[in-house]
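Order of appearance sets the numbers: ligands from 1, and atoms from 1 within every ligand. Computed from a predicted model, the values in this text were never measured in an experiment.
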Amino acid sequence: MKDIIKKVKNNERISIEEGLKLYDLNLLELGELADNIRKKRYGKKSYFNINRHINPTNICKDTCKFCAYSATRKNPNPYAMSLEEIVNIAKKAHLNGAKEVHIVSAHNPDVGLNWYFDSFKLIKKAAPNLHIKALTAAEIHFLATQYNLSYDEVLDKMIESGVDSMPGGGAEIFDEKIRDRICKGKVSSAQWLLIHQKWHQRGRQSNATMLFGHIENRYHRLEHMNRLRELQDKTNGFNAFIPLVYQRENNYLKVEKFLTANEILKTYAIARIFLDNIPHIKAYWATSTINLALIAQEFGCDDLDGTIEKESIQSAAGANSANGMKLEDFVDLIKNSGFIPVERDSLYNELKVY
Ligand code: V47
């Protein structure tokens, strides 16, 4: 263990096995290692943005076991917003101060290809300065397959329609055996990585997520991070890594034990140490709870996502995030936890220090 700690302190890259070993360290010692890296880069700054999540449809041809959001027997309320509804939500959010719309849909085979792209075009027309973060690699794979397009064609259409950056969803866990058990049939791990690589090669940026706390183990998490680290070495296009804590209500993936705060914080800290080439580690409060996200600031995380305004994916599975958070409350919480709230844009340019 001493050798690994020395490596971390000397900013040397650690292996999957060394990352795994770090779980054996006590939480506070591990936290300090991660916190030192965070402090060197960002001091006491904690980043967030004023954003609006929009989930335009929950009708999905795929059946991921962890998902409580898509319309199924457990959630029999299918919907697909009209283009007008989507644009109005974006316009209203922009008027209220949002700088980003984060648009993630289900894989809806009925609305047509243009419904996806027209919504982006119309939003860009109505609010040219509003950053559009939209289409996960899982959605891109779905659109390519459904409409017989190459990934390149879908990615080019995104750029033409005004999409600015890609969110990190759909990554789940890259290990193929686990992936088969939780989301068989959707974008494969290799395809997810290829789509992000192609996006980065267009000079664009994206995020990467990891869904953890279900049937995966610690090795799977590190191996997942390793695939991201390898791609980032090639492209340098990932802005943030977002470990998503699994929410277990209203879905078909039975998990008896909920992760302990200890395990969640250790995973954040190890992500900060292991992913030496991804600048930001985001504690997405919708899945970790805001309380733990605030503590995570001392365990390597430098970003808390944003005010969200409305959220349907994690809240469908039990998270307390359906209505987002008021800006004043968000800023106060960060300040009261001893950090400096810094509003950023979607590409991490600083906009306002509170
Ligand atoms: O990929 C689905 C996850 C993701 C559950 O890029 C669940 O900035 C927990 O990707 N428990 C979509 N998570 C959300 C997402 C995201 C969120 C915040 C910021 C960014 C970003 C991206 O939600 C899916 C899936 O992994 N998810 N069901 C669940 N039961």
Side-chain angles (χ1 to χ4, degrees), residues 47-49 51-55 58 60 62-70 72 74-75 100-107 131-142 163-174 178-179 182-183 186-187 189 192 196 199 204-216 224 228 237-255 258-259 264 278-289 293 301 303-321 324 344-348:
Y47 295 99
F48 72 96
N49 71 352
N51 60 352
R52 171 61 149 97
H53 283 220
I54 309 178
N55 305 117
N58 67 348
C60 199
D62 284 302
T63 45
C64 301
K65 286 202 177 133
F66 52 78
C67 185
Y69 164 65
S70 73
T72 61
K74 288 203 178 180
N75 173 25
E100 168 192 290
V101 276
H102 175 160
I103 307 176
V104 172
S105 280
H107 310 155
H131 182 105
I132 303 179
K133 181 167 79 180
L135 291 184
T136 66
E139 290 172 88
I140 293 167
H141 174 75
F142 157 70
V163 174
D164 295 292
S165 69
M166 262 177 72
E172 324 311 357
I173 273 283
F174 289 143
I178 299 291
R179 202 172 179 83
I182 65 173
C183 56
K186 85 165 177 190
V187 66
S189 306
W192 189 99
H196 280 261
W199 182 249
R204 300 295 177 126
Q205 293 168 39
S206 68
N207 291 333
T209 55
M210 172 180 79
L211 184 66
F212 74 117
H214 43 90
I215 56 169
E216 93 296 351
H224 182 99
L228 292 173
F238 289 118
N239 276 327
F241 176 63
I242 311 156
L244 299 167
V245 181
Y246 175 58
Q247 312 292 305
R248 56 186 175 160
E249 286 176 25
N250 308 318
N251 59 21
Y252 293 94
L253 182 59
K254 273 270 150 298
V255 171
F258 200 64
L259 282 180
I264 295 170
I278 298 190
H280 301 281
I281 307 292
K282 185 186 284 192
Y284 182 49
W285 62 268
T287 69
S288 65
T289 74
C301 297
D303 185 12
L304 300 182
D305 195 69
T307 45
I308 298 177
E309 206 177 314
K310 187 157 175 30
E311 190 282 317
S312 309
I313 298 179
Q314 273 80 23
S315 54
N320 187 17
S321 49
R344 58 164 175 84
D345 68 11
S346 305
L347 305 179
Y348 288 85

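Here the protein heavy atom with the shortest distance to atom 1 (O) of ligand 1 is Gly170 N, 2.7 Å. The closest protein non-hydrogen atom to atom 12 (C) of ligand 1 is Ile313 CD1, 4.1 Å. Taking atom 30 (N) of ligand 1 as the reference point, the nearest protein heavy-atom neighbour is Gln247 O, 2.8 Å. The protein heavy atom nearest to atom 23 (O) of ligand 1 is Gln314 NE2, 2.9 Å. Nearest non-hydrogen protein atom to atom 6 (O) of ligand 1 is Gly168 N, 2.8 Å. In this structure, atom 25 (C) of ligand 1 lies nearest to the protein heavy atom Glu172 OE1, 3.3 Å. The single protein non-hydrogen atom nearest to atom 22 (C) of ligand 1 is His102 CE1, 3.4 Å, given as residue, atom name and distance.
Using 4.0 Å as the threshold, Val104 has no heavy atom nearer than that to any atom of ligand 1. Heavy atoms of Ala68 stay at 4.0 angstrom or farther from ligand 1. At least one heavy atom of Lys133 lies less than 4.0 angstrom from ligand 1. For the pair Val245 and ligand 1, a heavy-atom separation below 4.0 Å is found.
At a heavy-atom cutoff of 4.0 Å, ligand 1 is contacted by the side chain of Asp305 but not by its backbone. By the criterion of a heavy-atom distance under 4.0 Å, neither the backbone nor the side chain of Arg248 is placed next to ligand 1. Contact annotation: for Ile242 versus ligand 1, heavy atoms closer than 4.0 Å belong to the side chain alone. Under 4.0 Å from ligand 1, heavy atoms of Pro167 appear from its side chain as well as its backbone.
Applying the side-chain contact (heavy atoms from CB on, under 4.5 Å) test between His214 and each of Val245, Leu253, Asn251 identifies Leu253 as the sole match.
For Asp305 and Asn51, the side-chain atoms include at least one donor-acceptor pair closer than 3.5 Å. Using modelled atom types, one finds a donor on one side chain and an acceptor on the other under 3.5 Å when comparing Glu100 with Ser346. Between the side chains of Asp303 and Tyr348, at least one donor-acceptor pair of N or O atoms lies under 3.5 Å.
For Lys282, a nitrogen or oxygen atom sits less than 3.5 Å from a nitrogen or oxygen atom of ligand 1, counting backbone and side chain alike.
In this structure, Leu259 and Tyr246 have side chains that are not in contact, with every pair of non-hydrogen atoms separated by 4.5 Å or more.
Ring-centre distance between Phe238 and His196: below the 6.0 Å cut-off.
Distance alone, capped at 3.5 Å, is enough to place a donor-acceptor pair between the Arg179 side chain and the Val187 backbone.
Aromatic ring pairs are classed by plane angle as parallel below 30°, tilted from 30° to 60° and perpendicular above 60°; the pair His107 and Phe142 is parallel.
Taking every heavy atom of Phe66 and a limit of under 4.0 angstrom, the matching atoms of ligand 1 come to 2 (C), 28 (N), 29 (C), 30 (N).
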